[in-house]
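All ligand and atom numbering here is 1-based and tracks the order in the structure.
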Amino acid sequence: MSTQTNPSVAYFCMEYGLDQSFKAYAGGLGILAGDYMKGAKDHNYPIVGLGIKWKQGYTDQRIDPMGKPYDTYHNYDYDFMEDTGVSVTVEIRGLEVECKVWKLEAFGNAPLYLLDTDIPGNNDNWVTGQLYGWFGEERIAQEIVLGIGGVRALRKLGIAVDVYHFNEGHALFAGFELLREKMEEEEMTFEEAVDAVKSEIVFTTHTPIVQGNESHPIERIIYMGANMHLSWEELEELGGSPFNMTVGALRLSKKSNAVAQLHGETSNKMWAEIEDRSEIIAITNAIHKPTWVDPAMIAAAENDGDLWATHLQNKRSMIDFIEAKTGHRLDENNLIIGFSRRAAPYKRSDLIFTDPKIIAPLLETRKVQIVFSGKAHPLDDTGKGIVANLVKMARQYPKAVIFLENYDMAIGRMLTRGSDIWLNNPRRPLEASGTSGMKAAMNGVLNFSILDGWWPEACEHGVNGWQFGDAYENEEDVEKHDAHDLKAMYNVLLKEVIPTYYDNREKWVAMMKASILSTKDQFAVKRMLEEYFELLYKA
Ligand SMILES: *Cc1c(COP(=O)(O)O)cnc(C)c1O
């Protein structure tokens with residue numbers, strides 16, 4: 001570590017997963033942001049967060065009697081938020097919209113400032129209604145609040161900032177507000193202002209799927225007033241046409257990072273043709289251990305304690321939890337596979353069911369039991385079809401397959417502690433990181449996964465978990481890719497995982513120990529924060 005004092009950082013993110021009671025997150029991006037804010041507090045870093053106080057948060061997704069997912073929304077009020085007394089205004093479609101600023105520190109996190117347009121008489125009080133609820137103009141309106149409102153809130157609160165960190169392209173308009181300050185208040189030209197703001201901005205890129213990177217027609221950005229007086233040509237110079245938020249952020253930052261080493265390679269290939277962009281380095285995500293990991297498991301691994309007995313307690317808690325929610329009780333003596341992911345096609349949640357000749361006997365004899373959870377995006381019918389198929393399998397094999405509706409942090413914690421193995425089978429290289437596997441690994445829940453996201457960095461096959469698929473990729477032929485990985489999965493399951501679980505408990509427990517000891521420091525948020533400061537913020 002350098003002895004230079006640390007720069008102060010303002011971190012911008014649309015979502016924060018701090019606690020299951022605080023409905024401000026949808027998935028992995030928010031969990032990363034929440035764990036980062038808690039790590040900042042634990043390790044005393046000069047970081048504040050900027051975000052949105054969502055009135056309804058993300059969908060509460062339930063399953064109807066026909067087995068189909070449906071979305072419900074509730075208004076949430078919180079008593080753990082402090083009113084700063086500060087509000088700022090932004091302009092959306094030419095109308096002034098007031099944003100009230102709340103402060104949140106209730107979850108052992110560094111100070112988080114949340115903007116809220118739900119004020120009586122406001123010109124638009126629904127902007128901060130639903131997280132990822134809408135696309136197009138409504139999404140831009142939300143991003144104006146986060147980015148432009150966020151910078152104005154920092155100014156009004158008197159918080160000095162050396163580095164602006166955009167976690168995902170959603171926050172890019174903060175960069176436009178910084179440009180406006182330089183051009184209007186310091187009378188710089190556009191080129192001078194771009195150089196000046198670049199020295200203060202860093203960016204974390206996430207999805208390696210092109211369509212997952214938000215873009216808008218330039219007309220729309222100007223019509224909404226997000227451009228902060230930048231001209232059409234200037235916008236095009238930054239983000240192209242249509243305007244891509246990720247490209248804009250890559251061009252307006254001094255340095256960017258991908259969220260795992262493999263993801264670094266994928267992102268550099270993906271954005272290779274973008275000129276004048278910042279360098280993309282790789283800083284692998286990490287987790288906040290006190291939130292996710294049972295300290296008794298780490299202690300048992302470090303001090304030769306009884307890992308199996310400790311794990312069995314976590315397994316029983318999960319079985320009880322599942323029984324309370326579904327009425328079905330899994331067998332604690334038999335193998336339990338955990339799987340929870342957003343229902344997106346590339347994650348292939350139902351891959352394991354592909355060949356009934358192989359999987360049906362394992363489920364009928366309960367040699368294999370599987371617990372699923374995961375939501376589909378409310379507007380994603382394909383994702384909803386995947387959830388419906390998982391529910392169908394749960395109804396067909398009620399003693400062996402469970403689907404838990406409304407995936408949240410409480411379910412995430414239960415499953416990554418109480419399962420025996422943690423399955424992940426994305427189409428490589430489309431999983432950016434996959435922090436749930438880190439939670440599992442540190443809890444002694446053995447990863448059984450494709451070599452994607454973070455797993456290639458940790459996996460020692462047969463020692464601390466298992467890989468399958470041997471890093472196979474096939475962009476051209478999806479069917480061939482799936483058939484290849486399916487065969488590999490069944491092979492490792494039948495020849496290695498099942499025999500080890502039922503016939504070699506000693507080896508299993510040694511693997512649990514190796515899993516915990518090989519991941520507990522490398523994938524803890526302390527390492528990630530050190531790398532952010534050394535490789536991004538101070539660079
Ligand atoms: C950990 C976690 C995630 C992120 O996990 P992935 O491995 O990226 O899928 C998402 N949602 C919840 C509720 C979690 O607990």
K.L.:
If the threshold is 4.0 Å, N to carboxylate O, is there a salt bridge linking Arg527 and Glu531?
P.N.:
yes

K.L.:
Heavy-atom pairs closer than 4.0 Å: do any link ligand 1 to the side chain of Lys439, the backbone, both, or neither?
P.N.:
side chain

K.L.:
Does Thr435 approach ligand 1 within less than 4.0 angstrom via side chain, backbone, both or neither, non-hydrogen atoms only?
P.N.:
both

K.L.:
Considering residues at least two apart in sequence or located in another chain, which fulfil the side chain to side chain contact (heavy atoms under 4.5 Å, CB included) criterion with Asn268?
P.N.:
Arg277, Ile280

K.L.:
May I ask you to identify the nearest protein heavy atom to atom 10 (C) of ligand 1, giving residue, atom name and distance to one decimal place in Å?
P.N.:
Gly28 N, 3.6 Å

K.L.:
On the 0 to 90° scale, with breaks at 30° and 60°, tag the Tyr11-His165 ring pair as parallel, tilted or perpendicular.
P.N.:
perpendicular

K.L.:
Counting each atom of ligand 1 from 1 as listed, which ones have a heavy atom of Trp292 under 4.0 Å away?
P.N.:
15 (O)

K.L.:
Look at the aromatic rings of Phe523 and Trp454 and report parallel, tilted or perpendicular, splitting at 30° and 60°.
P.N.:
perpendicular

K.L.:
Of all the non-hydrogen atoms in the protein, which one sits nearest to atom 12 (C) of ligand 1, and at what distance?
P.N.:
Tyr407 OH, 3.2 Å

K.L.:
Under the salt bridge (Lys or Arg N to Asp or Glu O under 4.0 Å) test against Asp71, which residue among Lys384, Lys375, Arg62 passes?
P.N.:
Lys384

K.L.:
Write out the residue and atom name of the closest protein heavy atom to atom 9 (O) of ligand 1, then the distance separating them to 0.1 Å.
P.N.:
Arg341 NH1, 3.4 Å

K.L.:
Under 3.5 Å, N or O to N or O, is Glu431 touching ligand 1 that way?
P.N.:
no

K.L.:
Is it the side chain (CB and beyond), the backbone, both or neither of Asp408 that lies under 4.0 Å from ligand 1, heavy atoms counted?
P.N.:
backbone

K.L.:
Can Ser518 and Asn464 be counted as having a side-chain donor-acceptor contact under 3.5 angstrom?
P.N.:
yes

K.L.:
Can you report which non-hydrogen protein atom sits closest to atom 7 (O) of ligand 1, along with the distance?
P.N.:
Ser436 OG, 2.5 Å

K.L.:
Taking only residues two or more places apart in sequence or in another chain, which ones pass side chain to side chain contact (heavy atoms under 4.5 Å, CB included) with Asp118?
P.N.:
Lys55, Asp116, Asn125

